[in-house]
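If you're wondering where the values come from, they're calculated on a predicted model, not measured in any experiment. Quick note: numbers below take in every heavy atom, side chains included, and nothing from hydrogens, waters or symmetry partners. Per chain, numbering begins at 1; letters A, B, ... match sequence-line order.
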Protein chains: 2
Amino acid sequence: MVSRPSLETATASDPDRFVEPLELGKRVKEIRLTKGWTLEEVSKRTGIARSTLSKIENDQVSPSFTIVQKLIKGLGMDLPQLFVEASEHSIAGRRDITRKGKGEPHPTATYEHELLNFSISRKKMVPFKTKVRARSFDEFKEWVRHDGEEFLLVLEGKINFFSELYEPIELKEGDSVYYDASMGHTVVSTSTKDAEILWVVAR
Amino acid sequence: MVSRPSLETATASDPDRFVEPLELGKRVKEIRLTKGWTLEEVSKRTGIARSTLSKIENDQVSPSFTIVQKLIKGLGMDLPQLFVEASEHSIAGRRDITRKGKGEPHPTATYEHELLNFSISRKKMVPFKTKVRARSFDEFKEWVRHDGEEFLLVLEGKINFFSELYEPIELKEGDSVYYDASMGHTVVSTSTKDAEILWVVAR
DNA sequence: TAACGTCGTTTCTTTTAGTAAACTTTTAGG
DNA sequence: CCTAAAAGTTTACTAAAAGAAACGACGTTA
């Protein structure tokens, strides 16, 4: 088993406290090798000297901020938040599991929602699975419209995604769409069986 | 004043182009003043010399990564903010579709991420599909841990969900979990094939 | 208004990062 | 094997950052 990082945090006022190394070098090398690049190739992509890259990978230097940025750009190291330590907030240290089909049902005329992970209440996102009963746009009285942003992933079947400012578009299993939920939007099944989608809303 | 690579002569395809630190100095100063701290106080909190802090705030230097880390810790800053462009405007009226398999790949040693809907940049949620290559907890050197909350849905296969404060739990296709991402967490495949999961992060 | 204290900037020196080039190791042919 | 090319590391040097201390600007108080 790997030694688990301590939860105990150093006080902010202790100047000599340990600064998380983040193993930047190891990550850089990992990414480079995964992409099958040589140091020379990365050098060309980032504008950083081959020798410098070698030293970074071997933790022989602490690269400057500009170098780190070049690295991130050139290597496509995105999602930098994955490399960062945590801070505390409302649902601190909590976890909530919902087994398949065990969400909280919320049927409507056109949709059959299944609310997931409903036992954590004050959360940033609301995820739910939905069976799309509707087959035509006419079944909706008006646009659905609410605060926040919405992510939609088609789990099964095919749907037509209608929105106020765009042409309707057909989405198949595995396709996803991210949109501003204050823009009117609705979804209908276009497959013989009711389509199933995952929806995640954030306010 | 420090001599720096010219901004004027740089072009987008030029590998030597200068990557602007996104007003790091301004942000640092902003945070410091918001908290009502003097340079001397920040110096004590971070272990960085007063003079160095002054230079950083006035963009006279490009601080080393170790210094940036100390800053982040001492000021309670958030690393991603430093690398992401600031923008007030929302995604109002926007929509972004990603077809199956057409996301932006981000492979690591243990995961194979596919970032979805990446063309909308300033969004509240970051959705990505991930193939879980790891088979044992030991393949991770340490807990993954970052700001925000995370929603996970198993799309295919079986996984073991490890987290710092709970016992490991097996999740099968269709199961989901919602958790505080600052709690250490990792995932490994337990099926013969690599499991596929959907992850949505909100900060 | 003189003397003091606090804060941010600047100067100066030391330390460290960044690069080009030399060097060593690995890989691929024959 | 041997050799050549390519990849990675180390060296030697230059450029830049970090820290200590000096400086200047400003507010407070006697």
Minimum heavy-atom separation for A/A195 to A/I159, with atom names? CB-CG2, 3.4 Å

Euclidean distance, atom CG of residue B/D59 to atom C1' of D/dA16 [Å, nearest integer]: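 That distance rounds to 16 Å.
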
Figure out the CD1/C1' separation between A/I67 and D/dA17, and round it to whole Å.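 Distance check: A/I67 CD1 to D/dA17 C1' gives 13 Å.
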
State which residues pass side chain to side chain contact (heavy atoms under 4.5 Å, CB included) with A/E156; sequence neighbours excluded, sorted by chain then number. A/K193, A/E196

N/O to N/O distances under 3.5 Å, protein versus nucleotides 9-12 of chain D:
from: D/dT9; atom 1: OP2; to: A/S54; atom 2: OG; distance (Å): 3.0
from: D/dT10; atom 1: OP2; to: A/Q60; atom 2: NE2; distance (Å): 3.4
from: D/dT11; atom 1: O4; to: A/K55; atom 2: NZ; distance (Å): 3.4

Check every strand shown and say whether B/I48 touches a base, only sugar-phosphate, or nothing at a heavy-atom separation below 4.0 Å.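 If one applies the 4.0 Å heavy-atom cut-off, B/I48 turns out to touch the sugar-phosphate alone, with no base involved.
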
Just to verify, what does A/F162 make a ring-ring contact (aromatic ring centres under 6.0 Å, His included) with, not counting sequence neighbours? A/F137

Please list, chain by chain and in numerical order, all residues satisfying ring-ring contact (aromatic ring centres under 6.0 Å, His included) with A/Y111, sequence neighbours excluded.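 Checked A/Y111 against ring-ring contact (aromatic ring centres under 6.0 Å, His included); matches are A/H113, A/F140, A/W199.
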
Going by salt bridge (charged side-chain N to carboxylate O under 4.0 Å, His left out), name the residues that satisfy it together with [X], two or more places apart in sequence or in a different chain.
X      : value
A/E57  : A/R32
A/E173 : B/K100
B/E112 : B/R133

Heavy atoms of chain B, cut-off under 4.0 Å: which first and last nucleotide of DNA chain C, 5' to 3', fall inside that, if you could look?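 Going 5' to 3' along DNA chain C, contacts run C/dC7 to C/dT11.
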
For A/E170, what residues pass the side chain to side chain donor-acceptor pair (under 3.5 Å) criterion, not counting sequence neighbours?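 Per chain and number, A/E170 pairs via side chain to side chain donor-acceptor pair (under 3.5 Å) with A/T190.
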
Would you tell me if any nitrogen or oxygen in the side chain of A/T38 comes within less than 4.0 Å of OP1 or OP2 on D/dA6? no

